[in-house]
Participant: 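Please find one structure pasted underneath; my questions will follow.
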Protein chains: 2
Amino acid sequence: MIQDSIRILQARGYKITQPRKQVLEVLQGAQKPLSPYDIQGLLQKQGKYVNHVTIYRILDLFCSLNLTHRVLSSGGFVKCAIESKEGCHRFMVCSRCGALQEFADEELCRDENRFAQNLGFHTEYHLSESSGLCANCHKKSEGPEGV
Amino acid sequence: MIQDSIRILQARGYKITQPRKQVLEVLQGAQKPLSPYDIQGLLQKQGKYVNHVTIYRILDLFCSLNLTHRVLSSGGFVKCAIESKEGCHRFMVCSRCGALQEFADEELCRDENRFAQNLGFHTEYHLSESSGLCANCHKKSEGPEGV
DNA sequence: GCGCTAATTGCAATATTATTGCATTTAGCC
DNA sequence: GGCTAAATGCAATAATATTGCAATTAGCGC
Ligand SMILES: [Mn+2]
Ligand SMILES: [Mn+2]
Ligand SMILES: [Zn+2]
Ligand SMILES: [Zn+2]
């Protein structure tokens, strides 16, 4: 929910401004990662002008608070879908329909950390994005009509 | 070795050109990910001019053959350090000195795939970059002079 | 070695993405 | 409602990336 994000912003002393609320709303409604200019375009369609510099700055802030994430494989931004979960947040991206699912799993992090330590590395955080077929697209690709 | 990469290019019918060899050499010698323009700059220092468009195209080709990888967290390119290893290639990046280590581990892939399947996803490949301190930097940070 | 040709590179123009400094506006406070 | 620090807008510029087409070149047969 957007309200959760707003509460976090307030708790940290950040102002609740029109552009910030608007960016949150757009990201909340999106079905895929959006670039800063995507966001600007969508807002403009609703008659709301926000300078792209402002959008960059808002996304910087949101990402620093983990309210949003940048999806590196596409370069776009998404609203965090699991704000309450500890540990690193990971993504699965459907290579067919673009659907994105966010998840977290401490076991995976532990495994990765362990492996890193064998190489002498002390991990601070993980960046993890997998590509594949979502349930829907996988079903279609082997449906009654064959592959 | 660069020779391995050259053999792969030849085997696939790609020509061995000056720019391609030069890009391979620069990447081989680099200690961190290089942007296309970094590469152009380094070559220029050696008196070798290569157009940036050419470098983009060469990197596209190399990445499609997994001779190089794009490191998403920094946007730069590295030469693959473990060409013989199967499965997805992962990176650990030192947040202090930028050192990069490439590795692969099938066990990690299996774990991730299993987790994805529980979410209904059928994984094609993983993108995995961890940030942390390399052995050297970690040693320094808790050396005799204290933290 | 020489010429041929497809593959590759260079060039020029343009698009996209991102950053900076400073003027203006506004949210939150009294 | 007025005050002020925080946030936004603006303008300029930097950095990154792509496209179409002309010029060059690697690899081939001779
Ligand atoms: Mn998240
Ligand atoms: Mn590799
Ligand atoms: Zn899908
Ligand atoms: Zn280091």
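A note on names: the letters A, B, ... follow the listed sequences, proteins ahead of strands, and every chain is numbered from 1.
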Participant: Touch check for B/Arg70, heavy atoms < 4.0 angstrom, all strands: base, sugar-phosphate only, or nothing?
Facilitator: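 Sugar-phosphate contact only.
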Participant: Does A/Arg70 reach the main-chain N or O of A/Cys63 with its side chain, forming a donor-acceptor pair under 3.5 Å?
Facilitator: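 Absent.
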Participant: Examine A/Met92 and A/Leu108 and state if one hydrophobic cluster contains both, with Ile, Leu, Val, Met, Phe, Trp and Tyr joined whenever side-chain heavy atoms are less than 4.5 Å apart.
Facilitator: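 Same cluster.
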Participant: What do you reckon, is CD of B/Glu86 surrounded by more than 12 foreign heavy atoms closer than 6.0 Å?
Facilitator: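 Atom CD in B/Glu86 is not packed in, count stays at 12 or less.
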Participant: Which nucleotide of DNA chain D is the first, and which the last, in the 5' to 3' direction, to come under 4.0 Å of a heavy atom belonging to chain A?
Facilitator: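 It runs D/dA5 to D/dA11.
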Participant: Sequence neighbours excluded, which residues qualify as side-chain hydrogen bond (donor to acceptor under 3.5 Å, both in side chains) partners of B/Asp4?
Facilitator: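 Only B/Arg7 meet the side-chain hydrogen bond (donor to acceptor under 3.5 Å, both in side chains) criterion with B/Asp4.
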Participant: In whole angstrom, what separates B/Tyr56's OH from C/dT17's P?
Facilitator: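 Between P of C/dT17 and OH of B/Tyr56: 13 Å.
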Participant: Linking I/L/V/M/F/W/Y whenever any side-chain heavy atoms sit under 4.5 Å apart, do B/Val93 and B/Leu133 land together?
Facilitator: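 Cluster IDs for B/Val93 and B/Leu133 differ.
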Participant: May I have all residue pairs that pass side-chain hydrogen bond (donor to acceptor under 3.5 Å, both in side chains) and include part of residues 91-106 of chain A, sequence neighbours excluded?
Facilitator: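 Pairs touching residues 91-106 of chain A that pass the test: A/His69-A/Glu102, A/His89-A/Glu102, A/Ser95-B/Glu124.
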Participant: Which ILVMFWY residues are connected to B/Phe77, directly or by a chain of links, through side-chain heavy atoms under 4.5 Å apart?
Facilitator: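 Once heavy-atom contacts under 4.5 Å are chained together, B/Phe77 belongs with B/Ile2, B/Ile6, B/Ile8, B/Leu9, B/Tyr14, B/Ile16, B/Val23, B/Leu24, B/Val26, B/Leu27, B/Leu34, B/Ile39, B/Leu42, B/Leu43, B/Val50, B/Ile55, B/Ile58, B/Leu59, B/Leu61, B/Phe62, B/Leu65, B/Leu67.
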Participant: Can you give me the bend angle of the helix from C/dG1-D/dC30 to C/dC30-D/dG1? Use the axis through the first five pairs and the one through the last five, nearest 10 degrees.
Facilitator: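 The value is 40°.
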Participant: If you find the nucleotide of DNA chain C closest to A/Phe77 and the one closest to B/Tyr14, which residue's nucleotide is nearer the 5' end?
Facilitator: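 That would be B/Tyr14.
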Participant: Please list, in numerical order, the residues of residues 24-50 of chain B that have a heavy atom closer than 4.0 Å to any atom of DNA chain C.
Facilitator: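 Nucleic-acid contacts, sorted: B/Tyr49, B/Val50.
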Participant: For A/Asp60 and C/dT17, what is the distance between atoms CG and C1' respectively, to the nearest whole Å?
Facilitator: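 My rounded result for the distance is 13 Å.
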Participant: To the nearest Å, give me how far apart CG (B/Leu59) and C1' (C/dT9) are.
Facilitator: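 Interatomic distance, CG of B/Leu59 to C1' of C/dT9: 14 Å.
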Participant: Quick one: does any side-chain atom of A/Asn113 pair with a main-chain N or O of A/Arg110 as donor and acceptor, under 3.5 Å?
Facilitator: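 No.
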Participant: Could you check whether A/Arg90 pairs with A/Glu112 (Lys NZ or Arg NE/NH1/NH2 to Asp/Glu carboxylate O, under 4.0 Å)?
Facilitator: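 Salt bridge present between A/Arg90 and A/Glu112.
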Participant: Round to a whole Å and report the spacing from NE2 of A/His52 to C1' of C/dA18.
Facilitator: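 My rounded result for the distance is 7 Å.
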Participant: What is the distance, rounded to the nearest whole Å, between atom CG of A/Asn51 and atom C1' of C/dT26?
Facilitator: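 Answer to the nearest Å: 16 Å.
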Participant: Starting from the 5' end of DNA chain D, give me the residue, B/Gln18 or B/Arg57, whose nearest nucleotide shows up first.
Facilitator: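 The 5'-side residue here is B/Arg57.
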Participant: Could you state the atom-to-atom distance from CD of A/Gln22 to C1' of C/dT26 in whole Å?
Facilitator: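 Rounding to the nearest Å, CD of A/Gln22 and C1' of C/dT26 are 13 Å apart.
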Participant: Given atom CD1 of A/Ile55 and atom P of C/dT16, what is their separation to the nearest angstrom?
Facilitator: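 For the pair A/Ile55 CD1 and C/dT16 P, the rounded distance is 16 Å.
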Participant: Between A/Asp60 and A/Arg57, does any NZ, NE, NH1 or NH2 come within less than 4.0 Å of an OD or OE carboxylate oxygen?
Facilitator: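 The answer is no: the pair does not qualify as a salt bridge.
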Participant: Ignoring hydrogens and angles, state whether a donor on the side chain of A/Glu129 or A/Ser74 is under 3.5 Å from an acceptor on the partner side chain.
Facilitator: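 Note: A/Glu129 and A/Ser74 side chains miss the donor-acceptor criterion.
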Participant: Over how many whole Å does the gap from A/Lys15 atom NZ to C/dT25 atom C1' extend?
Facilitator: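 In whole Å, C/dT25 C1' lies 10 Å from A/Lys15 NZ.
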